[in-house]
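Encoded as structure tokens, the structure appears first; notes follow it.
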Amino acid sequence: TSVAIGAAPAAAQLALQVTGVISLIGESTIKTSVGELTIDTGNSLSMNFKIGGSNGWRIRPNSVLESVGTQTIRSSTGDFTVATGALNGNILLRPHGTGGVSVGAATCDEDAILELTSTTKALIVTRVTTTQKNAIPKKAGMFVYDTTLGKMCLCTGAAWETCTSA
């Protein structure tokens, strides 16, 4: 059975053609074969998007786009994933191929996985006391600024080495 208000394509089950504003009261859901859009005008005042039954994105009244679960924005050059729940709130950037991530520049050096560019700001690494540094599980390549020593420290995997000037 087809229902049409305004003009509807012949194959439509329900079609609305409206010029102007459609007002919704309470919670309304539009379901398609691939997902659904729920608009809640009640207490939560939000728009929720679900794909294939899984929670997706939520738009809040303060224009915040909120991830419900783990979501990925995929492009031809890489993925941007917001992971919540079991992945402890990680933000993952995964460039495709040999690409890198650039902050502050329009392009990324072809040999860099991460490039930070600024003429007015600097990178600040993790700042910890010697006691806090020694409690971190050691992995080769880690570096921190030890506030007790007032020096940079690099982890070899077996121990923390203090960087000193020659």
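Note that these values count all heavy atoms, side chains included, but never hydrogens, waters or copies made by symmetry.
Looking at K121 and L116, their side chains never come closer than 4.5 Å, going by heavy atoms from C-beta outward.
The hydrophobic clustering, which links ILVMFWY residues whose side-chain heavy atoms are closer than 4.5 Å, places V128 and L154 apart. In the hydrophobic clustering of this structure, V144 does not group with I124; members are Ile, Leu, Val, Met, Phe, Trp, Tyr whose side-chain heavy atoms approach within less than 4.5 Å, directly or through other members.
For Q132 (side chain) and T129 (main-chain N/O), a donor-acceptor pair under 3.5 Å exists by modelled atom type. Using modelled atom types, one side-chain atom of S102 and one backbone atom of T107 make a donor-acceptor pair closer than 3.5 Å. Using a distance-only test at 3.5 Å, with no hydrogens or angles considered, no donor-acceptor pair links the side chain of T117 to the main chain of G104.
The minimum heavy-atom distance between E115 and A112, with the atom names listed, is CB-CB, 4.3 Å. Between W160 and N134, the shortest heavy-atom contact is CD1-OD1, 3.9 Å.
In this structure, CD1 in I136 is found 7.0 Å from OG1 in T126, a value given to the nearest 0.5 Å.
Ion pairing between a basic and an acidic side chain is recognised when a charged N comes within 4.0 Å of a carboxylate O; K151 and D146 show no such pairing.
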> Given the rule in the side-chain contact (heavy atoms from CB on, under 4.5 Å) test, do L149 and T130 qualify, once you have shown the distances and angles that lead to the verdict?
Replying inline: CA-CA 7 Å; L149 302 173; T130 300; 3.9 Å; yes
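Exactly one residue among M142, K133, E161 makes a side chain to side chain contact (heavy atoms under 4.5 Å, CB included) with C153. That residue is K133.
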